[in-house]
Amino acid sequence: MIEDDVLRFEHLLSTARSVRRNLDFDRPIDRDDLFACIDVAVQAPTGLIGEGWRFLVVTDPTRKAAIAELYSEILVELMQERGLPLKASHQALIARLHEIPCMIFVCAEGEPPPTTSGQVGFYGSILPAAWSLMLALRGRGIGTTWTSLLTARADAVAGILGIPDGVTQTVMLPAAYTLNAVLKPAQRASAETVTFWDAWGASQPSRKVPGDE
Ligand SMILES: Cc1cc2nc3c(=O)[nH]c(=O)nc-3n(C[C@H](O)[C@H](O)[C@H](O)COP(=O)(O)O)c2cc1C
């Protein structure tokens, strides 16, 4: 019998969708909520860069407008390059991104090394904190989207926000309390489909069925 707490926790993990619509653009994010969520984020594991995480919370309308304009430019250019239409949810976000109550930039002190293992260590020491932050916000009814587009113009972002050299930008989480957003698990491949057992490509034992030991 799985405990209720476990089920609730797994539900939260499984329903941390990208939320670009049904957001309350008029309600500022409570500062205590934000700090509580960042306190959760800094419990994430760290490797190469230790606790070099820095969270830049942007609520200033002028800076948000400049970031929103940049974000929109990058997204539109990217979709044009790829010959893809802009999805309605992305359109909805860019139409109001300048009004989002806050943008949270997750940054890391230092720069990623050139080797794969160095990069795994570097980004592996900051992105778990970003994901914990997104989950903690979700737990408090705050919707976000994991956005990485702005890293394409990190210099411009640095100029707008005064981020010094030697600091690496990762994701930006646009955050707002959700409005009647029903967040559900997404359609994803099952664990069996994406799991090998003992050797690459080898099939795995099936799940226990009722009556198994
Ligand atoms: C590495 C990465 C980069 C992403 N960058 C963006 C982004 O810049 N803008 C955006 O709107 N969504 C971005 N997303 C969100 C994805 O579009 C989203 O996770 C995906 O469509 C699945 O939807 P879900 O998050 O609701 O499950 C990114 C997700 C990942 C993992």
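Counting starts at 1 for both ligands and their atoms, in listed order. Note that the structure is a prediction, hence the values are computed from the model and not measured.
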Ligand-residue contact atoms, ligand 1 with Thr145, heavy atoms, under 4.0 Å: 10 (C), 11 (O), 12 (N)
Minimal non-hydrogen separation, Ala16 against Trp131, with atom names: CB-CH2, 3.8 Å
Which residue and heavy atom of the protein sit nearest atom 7 (C) of ligand 1, plus the separation: Thr147 CA, 3.4 Å
Test of proximity, Arg20 against ligand 1: N or O pairs below 3.5 Å: yes
Heavy-atom nearest neighbour in the protein, as seen from atom 27 (O) of ligand 1, with distance rounded to 0.1 Å: Arg188 NH2, 2.8 Å
Nearest-0.5 Å distance that lies between atom CE in Met172 and atom OG1 in Thr144: 10.5 Å
Shortest non-hydrogen contact from Ser125 toward Thr46: OG-C, 3.8 Å
Any donor-acceptor N or O pair under 3.5 Å, side chains Asp33, Tyr177: yes
Ligand 1 atoms in contact with Arg17 (distance to a heavy atom under 4.0 Å): 24 (P), 26 (O), 27 (O)
Test item: side-chain donor near acceptor, Arg138 and Thr15, under 3.5 Å: yes
Pair Thr151-Ser148, side-chain donor/acceptor within less than 3.5 Å: no
Heavy-atom side-chain proximity of Thr116 to Gln119 below 4.5 angstrom: no
Any N/O pair Leu93/ligand 1 closer than 3.5 Å: no
The one among Ser148, Ser14, Ala16 that brings a heavy atom closest to atom 3 (C) of ligand 1: Ser148
Electrostatic pair Glu99:Lys64 at N-O distance under 4.0 angstrom: no
Selected option - heavy-atom contact closest to atom 31 (C) of ligand 1, from Tyr71, Trp146, Trp131: Trp146
Nearest protein heavy atom with distance in Å, relative to atom 25 (O) of ligand 1: Ser18 OG, 2.6 Å
Non-hydrogen protein atom less than 4.0 angstrom from atom 20 (C) of ligand 1: no
Numbered atoms and elements of ligand 1 in range of His90, under 4.0 angstrom, heavy atoms: 10 (C), 11 (O)
